[in-house]
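Report on one structure; see the data block that follows.
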Amino acid sequence: MLPSSSPVPATLPPESRLLANLNPEQLAAVTLPAEPALILAGAGSGKTRVLTTRIAWLLQTGQVSPGGLMAVTFTNKAAKEMLTRLSAMLPFNVRGMWIGTFHGLCNRFLRAHWKQANLPQTFQILDAGDAVSAVKRVIRAMQLDEERFVPKQVAWFIAGAKEDGLRPKDIEVRDAQTQKLAEIYQAYEDQCQREGVVDFAELMLRSFELLRDDPHLRAHYRARFRHILVDEFQDTNRLQYAWLKMFAAMPGERDALGETATGALFAVGDDDQSIYAFRGARVGNMADFEREYRVRHRIKLERNYRSFGNILDSANALIEHNTGRLGKNLRTEAGPGEPVRVHESPSDFAEAQWVLEQAEQLHRAGTARAEIAILYRSNAQSRVLETALFNAGVPYRVHGGLRFFERAEIKHALAYLRLIENPDDDTSFLRVVNFPARGIGARSVEQLQDIARATGRSLHQSVGALGGAAGTKMANFVRLVAGLREDTRGRTLREIIERMLAASGLLDFYRAEREGQDRVENLEELVNAAESFVTVEGFGREVVALPVDETAGLLPDADTGEIISPLAAFLTHAALEAGDNQAQAGQDAIQMMTVHAAKGLEFDAVFITGLEESLFPHENAAAEPDGLEEERRLMYVAITRARQRLHLSFSQTRMLHGQTRYHARSRFLAELPEGALKWLTPKEGSFSGGFSGGFSGGFGGGFGRGSSYGGGHGGGYGGSSGFARSAAPAPAPAPLPPKREPDPSGQGLRKGLRVFHNKFGEGVVLALEGSGADARAQVSFGRHGTKWLALSVAKLTPIDD
DNA sequence: AAGCAACCCCTTTTT
DNA sequence: GGGGTTGCTT
């Protein structure tokens with residue numbers, strides 16, 4: 001038995017309205033037959049629109065039911081965006097659909113098949129930081145040198161191996177070092193298994209292996225998902241592509257149910273925007289896909305609705321310098337627009353000052369600050385820029401850095417919650433066993449770990465064997481967690497968290513701390529997050545735009561139909577979506593971020609700073625041709641973020657690692673078309689030859705030397721501003737989803753009825769909610785407790801009294 | 001257990 | 001240069 005699909009809705013918008021305003025290429029892509037297809041979607045070409053419209057069109061024309069398609073993205077944001085747009089296009093709840101991130105969908109899959117995947121039902125997800133601490137524990141337990149086996153690097157190695165589909169036994173042992181690494185990997189795997197936790201890569205690998213090794217399960221899913229749509233396909237790694245292959249049969253492939261129709265894998269991507277090779281992404285997957293699936297439909301989306309001509313000309317000319325491209329050229333009907341402005345500064349400090357002044361000038365001329373982005377290659381560059389903005393009192397927002405669920409106080413709180421769910425989660429146990437301080441020293445913890453190691457049990461299970469005063473304190477801690485578990489059973493998420501915060505002493509601890517105000521506020525924010533989570537989650541409520549992974553946790557178990565607890569769902573959410581990083585979101589502030597972080601975003605005005613050799617392209621990447629090409633793609637991504645105005649900036653000197661460094665201007669500047677540029681400082685600058693001579697005279701003097709240099713088109717302000725934006729595709733007006741009458745009596749159930757469940761035995765129906773595929777019943781089973789069951793899966797037989 | 005000095009790193013990193 | 005962590009000292 002498997003999760004079933006939702007019914008097809010009664011009313012849909014007419015096909016003509018769905019397809020209106022698509023350009024010919026977009027239309028062709030949207031209406032392709034159910035066959036493998038590769039869409040080369042240039043920056044700003046309406047990629048998301050094609051994806052969502054295709055989904056809507058497939059549903060509208062009855063080619064597929066909502067449960068029969070899957071759409072995969074990389075980020076929660078992209079998945080959310082897709083769901084939001086879809087719910088505006090379709091008159092029904094998109095919630096049950098398999099639309100989400102790779103990891104979110106894997107989680108959903110493993111929650112439904114936890115037994116077959118050899119996982120505990122309450123398995124927890126380790127984020128990157130958790131994984132490093134877990135690796136560290138393994139290395140210590142093996143008494144290895146942490147200098148030689150740096151936990152972070154080992155964690156990277158393990159993740160890399162998993163993303164290549166390799167288990168410890170598959171690691172090719174070339175030397176003593178890899179031998180040991182494979183051993184650590186094995187021990188780490190054992191530890192995770194023992195503790196009931198999985199890391200990000202494990203989510204993927206475990207679900208891939210389950211499908212690979214179970215032909216019937218694979219056949220089931222292949223028969224179910226008639227259409228599989230993938231966003232940002234150029235960023236997929238080996239494992240992700242292999243995972244997709246499990247869901248979409250290749251031409252001529254047979255499976256347990258006989259010959260399968262070739263899976264309609266609809267891949268959307270842009271090889272020119274592949275910027276994650278360093279993390280294992282494999283652009284080659286695009287070519288492999290075309291070959292292996294004998295792709296007959298390849299469509300290029302080259303019409304750009306975002307940027308003016310000069311900006312696109314720059315992007316096109318730059319990327320021409322790369323080899324082995326699939327070939328694509330962006331074009332626009334928006335006219336050339338403003339020239340791309342290039343500026344040289346004597347120092348990074350002066351550069352920051354210039355950017356600040358230009359940005360503020362734009363703001364005074366009417367551009368919202370939130371529509372101005374300052375981009376840089378590496379995070380270290382943000383500080384001098386931040387300082388300039390801060391001193392000028394200009395509001396700004398730095399993207400990246402610590403995110404909500406990664407904050408220490410939040411991780412502590414989550415650790416308590418995870419222990420409530422799964423006491424064997426040793427990572428969480430160690431995090432909070434002595435936090436807030438309970439007089440449990442490091443030595444006692446080590447003793448406990450020794451016992452646990454010797455007996456092969458979790459720390460929590462080993463506490464009883466620890467004697468002495470330390471043993472008593474530990475036992476108190478275990479009792480605290482157990483008490484919380486008892487105390488919070490059946491309570492709302494809000495109550496659970498509030499009780500935990502009080503009973504654990506976390507809140508008191510931070511209240512007493514001098515600098516703890518922010519942390520207290522964050523903990524309060526956690527309660528709020530839980531509250532809104534529940535509201536969105538709320539059984540039976542209409543939901544229009546729904547955060548993706550939040551649905552995942554509530555999928556019913558494949559065997560019993562049991563729905564996991566809101567707490568478990570919340571913990572999954574916390575692990576899979578780290579949350580945003582800034583409280584000041586919403587304010588009109590200048591946006592600052594790395595180029596990587598800017599991918600997928602767009603702004604009226606963009607500043608690309610630090611365009612210097614060894615910075616951008618970065619010195620570590622420039623050595624290899626592949627590295628240089630990726631840097632160039634990175635520059636391409638940066639350029640194509642701009643709608644109306646683009647500023648390129650570089651500096652003669654820069655403080656780096658505590659030293660003043662002198663860099664030549666980036667080679668990328670020379671790869672841009674002269675006609676699209678306007679040099680605000682002399683193109684052949686007085687310092688371009690190096691850093692000798694009248695260097696000091698350059699400070700300050702090089703400033704505001706006016707715009708009379710260079711030349712090309714002037715172009716004038718105003719007039720055309722806003723054009724690019726209004727020409728961009730807008731989502732169709734949102735028809736409100738019709739309210740559906742709850743019909744929970746699908747199985748002839750009613751409140752108070754006594755029922756029988758194959759696994760849980762006799763029970764009494766306490767409540768009924770939702771309808772159709774969403775219908776749920778709350779049943780009290782006595783010995784097995786009270787459970788929410790999905791009626792589409794759970795078999796409940798009424799018992800006559 | 002807290003506070004401070006010493007030490008280390010320093011590209012990007014969606015999940 | 002600076003931020004974060006570690007470990008030593010009180």
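Proteins get letters first, then strands, A, B, ... in listed order; numbering begins at 1 in each.
Comparing atom distances between the A:Met655 side chain and each of B:dT12, B:dT14, C:dG1 picks out C:dG1 as nearest. For A:Ser378, taking side-chain heavy atoms from C-beta onward, the closest of the listed nucleotides B:dT13, B:dT15, B:dT12 is B:dT12. Of the candidate nucleotides B:dT12, B:dT14, B:dC10, B:dC10 has the atom lying nearest to any side-chain atom of A:His657. Closest to the side chain of A:Phe74, from the set B:dT13, B:dT14, B:dT15, is B:dT14. With B:dT12, C:dG1, B:dT15 as the candidates, the nucleotide lying closest to the side chain of A:Arg383 is C:dG1. For A:Thr75, whose side chain is taken as the heavy atoms from C-beta onward, the closest listed nucleotide among B:dT12, B:dA1, B:dT14 is B:dT14. Here the nucleotide nearest the side chain of A:Tyr276, chosen from B:dT15, B:dT13, B:dT11, is B:dT13.
Atom CG in A:Leu110 sits roughly 18 Å away from atom P in B:dT15 (whole-Å rounding). Taking atom CG of residue A:Asp348 and atom P of nucleotide C:dG2, one finds them 12 Å apart after rounding to whole Å. Taking atom CG of A:Asp231 as the reference point, atom C1' of B:dT14 lies 11 Å away to the nearest angstrom. Straight-line distance from the NE2 atom of A:His399 to the P atom of B:dT12: 16 Å, rounded to whole Å. Taking atom CG of A:Leu656 as the reference point, atom P of B:dC10 lies 13 Å away to the nearest angstrom. Computed from coordinates, the A:Met593 CE to B:dT14 C1' distance equals 14 Å when rounded to whole Å. Distance CZ (A:Arg654) to P (C:dG2): 15 Å, rounded to an integer number of Å. To the nearest angstrom, P of B:dT14 lies 16 Å from CZ of A:Phe405.
Between the side chains of A:His618 and A:Glu631, no donor-acceptor pair of N or O atoms lies under 3.5 Å. Under the 3.5 Å distance criterion, with hydrogens and angles disregarded, a donor-acceptor pair is assigned to the side chains of A:Tyr188 and A:Asp199. For A:Glu421 and A:Thr122, the side-chain atoms include no donor-acceptor pair closer than 3.5 Å.
Residue contacts shown for A:Glu146 are absent, as no nucleic acid heavy atom lies under 4.0 Å away. Using a 4.0 Å heavy-atom cutoff across all strands shown, A:Phe200 reaches at least one base atom of the nucleic acid. Residue contacts for A:Lys162: at a heavy-atom cut-off of 4.0 Å it reaches no nucleic acid atom on any strand shown. Across all strands shown, A:Ala201 has no heavy atoms under 4.0 Å from either base or sugar-phosphate atoms.
In this model, the phosphate group of B:dC10 is not approached by any side-chain N or O of A:Asn379 to a distance below 4.0 Å at OP1 or OP2. The shortest distance between the side-chain N/O atoms of A:Lys136 and the OP1/OP2 oxygens of C:dT6 is below 4.0 Å.
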Does the pair A:Phe650 and A:Phe616 meet the rule for a ring pair (Phe, Tyr, Trp, His ring centres under 6.0 Å), with working shown?
-> CA-CA 10 Å; A:Phe650 61 101; A:Phe616 199 0; over 10 Å; no

Hey, mind stepping through A:Phe278 and A:His596 against ring pair (Phe, Tyr, Trp, His ring centres under 6.0 Å) and telling me if it holds?
-> CA-CA 12 Å; A:Phe278 75 94; A:His596 281 92; 5.6 Å; yes

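Remark: ring of A:Phe278 does not overlap the six-membered base ring of B:dT13 in a stacked fashion, as centroids less than 5.5 Å apart with planes less than 30° apart are not both met. Stacking of the aromatic ring of A:His618 onto the base of B:dT11 is found: the ring centres lie under 5.5 Å apart and the planes are inclined by under 30°.
Here, B:dT13 and C:dG4 have their P atoms 16 Å apart, quoted to the whole Å.
More than 12 heavy atoms of other residues, nucleotides or ligands sit less than 6.0 Å from atom NZ of A:Lys411.
Comparing A:Phe509 and A:Glu406 by the nucleotide of DNA chain B whose heavy atom lies nearest to each, the residue mapping closer to the 5' end is A:Phe509.
Glycosidic conformation of B:dT11 is syn; the angle stays within 90° of 0.
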